[in-house]
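A quick write-up on the structure given underneath.
Note that the structure is predicted; figures quoted are calculated from it, not measured.
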Amino acid sequence: MSDALNPVQQDAVRCTDGPLLILSGAGSGKTRVITHRIAHLVREKGVSTSRIMALTFTNKAAGEMKERVEKLLGGAMRSMWIGTFHAISARILRREGHWIGYERDFIIYDTSDQLTVIREAMSNLMISEDRCPPKSARSRISHAKNGYVDPEAFLSSGSGPFAEDVAKIYRAYQQIMRARNAMDFDDLLVNVVALFQQHAGVLKTYQDRFRYLLVDEYQDTNHLQYMLTKLLAARHRNLCVVGDDDQSIYQWRGADITNILNFERDYPEAEVIRLEQNYRSTQTILKAAAAVVKHNRTRKEKKLWTENDAGKPISVLQGVDERDEARRVLAAIERERTEGHRGFGDFALLYRTNAQSRALEDELRNAGIPYVIVGGLRFYERREIKDVLAYLKLVANPRDALSLRRIVNVPKRGIGDATMLKVQDFAVEKEIGLYDALGRAEEIVGLSGAMTKHLKTFHQHIEAFREQKTNLSVDQLAQEIVAGVGYIEDLQKDRSDENQTRVENVRELLSAMEEFVERSEDASLEAFLSEVSLFTDIDTWDEERDAVTLMTLHSAKGLEFPVVFITGLEDGLFPIIRADGESDLEEERRLFYVGITRARQRLYLCYALQRRRWGSLGYGAEPSRFLREIPKELLEYETPRLDEDASFRSRSGRTPYPPRRHSARGKKQAVAPAGEEDQTASGDSVRYVPLEDGTFPFDVDSWVIHPSFGRGQVVEKSGLGTSTRLVVRFGDGRKKRLMAKYAHLEAG
DNA sequence: ATACCCTTCATTTTT
DNA sequence: TGAAGGGTAT
């Protein structure tokens, strides 16, 4: 990219006052313009950074923006509010939520937490899950919120099947969330809009403070975000929105493309600037992108151009099935690597659905190629991470019954479901929270003395953490908790690979917290919890790593790679057609457009003639109609090589690469079990003598025979009498935990 | 309490 | 297909 801004970019930078719509084509240097614009405001116009707010969709975009502005201005931009809509809303609500009945320490529920609450609401209402699937309730509630529709309005609008049920669930759900001082993602936006609408004074403070407002990816704003933007900008009207209607790919989530299409109607005095020079891709790639998106009707006409070379044709790869497709991708990667002198980090493999990553992943792993998967299984959604966070959440907010339930018996404290039911009954009877009920465990009838003690101990433990909360930083507090409850030790009791990974993840979390404390001005527990709740996988994606990147087309938005493979280009998959036959072809096409324009030099379009979808159901597929929308002269079909070599490889799973270890986040490595050789040597024979009380005489190191596992050696023994438990290592190296009284062991 | 078997779900995309 | 969660036998 050239150093100086081009004339249009300069216009966009200098046009600071009044509403401005920047239509920025893919690869047109959008981020550069935004950051220079902010720097211009500060340096040339003397605007204080504290008066600028920039809203983005992802933390990554926000972080990048902040970093680049800091670089331009040479200093930390503490006072400037750059963040995602959700993060900024959370920040405002931490300060002002009390106006609308939330406490400062409200917690943010993720989508699985949401589901739990919905189930709870449904069971209270006696609505069966067959009648109204919780997930569909969730999505309809979310839609309602995105349209700023409350339960009552939802009911009167009476839309869709079971509208009454959903309205009831919606209301009950909100009641539960309120009682727990909790908000879901949508609530963050709903509440900040409600706050501003109901409290003019509060709104005025923010309107006055933020004289310059900037919104990135405006084409993806939903109605709530639109309202929020409008409210904030109403006073100064210095609102700059940046976007590209051709890259609107979140309508399914409530994004309203008319926000960008109607900007000029909302702000008649708005300037419009079009960034149309592309600095990223070859002419060939741009031509293909333009030809595709031209098929859409609802869009603003624009003409992207570039001074770059024509570049190579776009390659089309055909596989017989998804494995074959994957192998062809790998072959192309290898060719690019040797001929094009590229590193693994230059490649991106994009797909429509996360499930498609498997075949690619399998082949990459076989070949020993390092790769990173973005999305899919998220760090903060892992069990161990959620456990630790649940402790923190409970410490932050004892009303968070969800977190309480999650960890009350983790690690095991002998507090089971039956006990918690009694606690719950007591809590309901006394009209107190679950947590407070634990503190009064001695009053609960029907609990054994030991159980009461367990509950009290747990309560005291948490109380102690709550006291420490004020003197300790978040990371120290987390360390105290992890150590205090023996979380890691508990994991290490079972030394499986899986648990080892879990321990590492917990440590990773702890170090992430240290980092958080170092870099944040507000290092409070609440701020940390807010941040992690709003974190996604793409945010941690490390572009420096020399590894092939795998991700969905959606995740790829905003990124670029020298070489891009778009896989699974089959009708029905991409464009996707759902089970009900519904498909938004224009949005799918925009998604394809986004994918194409991620590529700088080389683009590969791949499909398979047959693909397994949900297992055995293989379906024959037509190549995607989108392929036909690209002019033939831009394409180069790779001769399908369906020779015996390919089929041989398909069976043996061999590839030209030697297997090598690599780490792919979130995927457990296929590690061969620690091979213990056959134990054929006869050890000391222990006579099988069943004792009167049913105990068994086996000790550590003695040999036993199990009716189904065969012969093995006792490596651990715990418990006494009838509850004797043994860990036995059998012939194939597998260790089994056995309850001696059930195992039918014989001496051997 | 654990281990295994069964069912179900996911397969659209995410803050 | 395979992961994950529930239920049941041990």
Side-chain angles (χ1 to χ4, degrees), chain A residues 55-62 83-90 108-112 114 129 133 135 139 142 145-146 183-189 217 220-222 224-225 248-255 322 350-359 362 374-378 380-381 383 409 412 414 416 494 498 530-531 533-539 551-557 568 572-579 582-584 587-588 590-591 594-595 611-618 667-668 707-709 718-719 722-723 725-727 734 736-744:
Chain A
L55 295 157
T56 67
F57 276 82
T58 64
N59 298 299
K60 190 172 174 17
T84 63
F85 272 99
H86 291 85
I88 298 249
S89 300
I108 301 169
Y109 276 15
D110 69 16
T111 44
S112 63
Q114 260 183 299
E129 300 199 357
K135 284 195 173 157
S139 89
S142 173
K145 288 183 181 178
N146 281 323
M183 298 190 201
D184 62 29
F185 292 140
D186 300 319
D187 288 334
L188 292 171
L189 302 174
E217 309 277 18
D220 285 329
T221 47
N222 64 25
L224 284 173
Q225 289 158 334
S248 162
I249 54 173
Y250 284 111
Q251 278 177 56
W252 56 272
R253 206 173 85 191
E322 73 275 10
L350 309 182
Y351 35 78
R352 180 64 240 265
T353 68
N354 273 313
Q356 286 166 254
S357 70
R358 171 155 295 119
D362 286 347
V374 177
L377 338 90
R378 260 161 244 125
Y380 287 102
E381 277 169 22
R383 203 220 303 167
N409 202 26
K412 298 241 179 335
D494 173 5
E498 202 185 4
S530 257
E531 181 170 298
S533 303
L534 299 172
F535 221 70
T536 68
D537 229 36
I538 187 80
D539 301 324
M551 63 176 120
T552 62
L553 286 141
H554 283 86
S555 304
K557 193 174 71 164
L573 182 60
F574 192 24
I576 203 157
I577 296 165
R578 279 164 290 164
E582 286 288 306
S583 179
D584 182 344
E587 177 144 319
E588 293 294 306
R590 287 191 293 269
L591 190 55
V594 166
R611 180 178 301 271
R612 252 174 285 271
R613 239 172 130 182
W614 338 289
S616 55
L617 279 173
K667 269 286 158 183
K668 224 185 89 197
S708 48
F709 300 130
S718 57
T722 51
S723 62
R725 272 170 298 173
L726 303 172
V727 177
R734 281 293 186 162
K736 292 277 175 204
R737 233 164 240 283
L738 303 168
M739 197 90 180
K741 72 172 164 170
Y742 297 126
H744 298 299

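Distance from the side chain of A:Thr552 is smallest for B:dT14 among the nucleotides B:dT11, B:dT14, B:dT12. Here C:dG2 is the nucleotide among B:dT14, B:dT11, C:dG2 with the atom lying nearest to any side-chain atom of A:Arg358. Of the candidate nucleotides B:dT14, C:dG2, B:dA10, B:dA10 has the atom nearest to the side chain of A:Lys135.
Neither OP1 nor OP2 of B:dA10 sits under 4.0 Å from any side-chain N or O of A:Asn354.
Here A:Phe574 lies out of heavy-atom contact (under 4.0 Å) with every strand. In this structure, A:Phe57 reaches the sugar-phosphate backbone alone: every heavy-atom distance under 4.0 Å involves primed, P, OP1 or OP2 atoms, never a base.
Rounded to an integer number of Å, the gap from NZ of A:Lys557 to P of B:dT12 is 20 Å. Between the CD atom of A:Glu587 and the C1' atom of B:dT14 there is a distance of 13 Å, given to the nearest Å. Across the protein-nucleic acid pair, A:Glu588 atom CD and B:dT11 atom C1' stand 13 Å apart, rounded to whole Å. The CD1 atom of A:Ile576 sits 12 Å away from the P atom of B:dT14 (whole-angstrom rounding). Residue A:Leu573 contributes atom CG, which lies 9 Å from atom C1' of B:dT11 at whole-angstrom precision. Atom CZ of A:Arg611 is separated from atom P of B:dT12 by 14 Å (rounded to the nearest Å). We find that NE2 of A:His554 is positioned 14 Å from C1' of B:dT11, with the value rounded to whole Å. Protein atom CD1 of A:Ile108 is 15 Å distant from nucleotide atom C1' of B:dT14, rounded to whole Å.
Under the 4.0 Å criterion applied to side-chain N and carboxylate O atoms, A:Asp220 and A:Arg253 are not assigned as salt-bridge partners. Ionic pairing of A:Glu588 and A:Arg352 is present here: one or more N-O contacts between side-chain nitrogen and carboxylate oxygen are shorter than 4.0 angstrom.
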Original post:
Where do A:Met183 and A:Tyr109 land on the side-chain contact (heavy atoms from CB on, under 4.5 Å) test, with the steps shown first?
Top reply: CA-CA 6 Å; A:Met183 298 190 201; A:Tyr109 276 15; over 6 Å; no
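Both A:Arg253 and A:Ala355 lie close to DNA chain B; mapped to their nearest nucleotides by heavy-atom distance, the more 5′-ward contact belongs to A:Ala355. Each of A:Asn409 and A:Phe85 has a nearest nucleotide on DNA chain B; the 5'-most of these lies closest to A:Asn409.
Remark: ring of A:Trp252 overlaps the six-membered base ring of B:dT13 in a stacked fashion, centroids less than 5.5 Å apart, planes less than 30° apart.
For A:Arg352 and B:dT13, a side-chain-to-base donor-acceptor distance below 3.5 Å is present, hydrogens and geometry of angles not being considered.
For the P atom pair drawn from C:dA4 and B:dT13, the interatomic distance equals 16 Å after rounding to whole Å.
Between A:Lys145 and A:Asp187 there is a side-chain heavy-atom pair separated by less than 4.5 Å.
A centroid separation of less than 6.0 Å is found between the aromatic rings of A:Tyr250 and A:His554.
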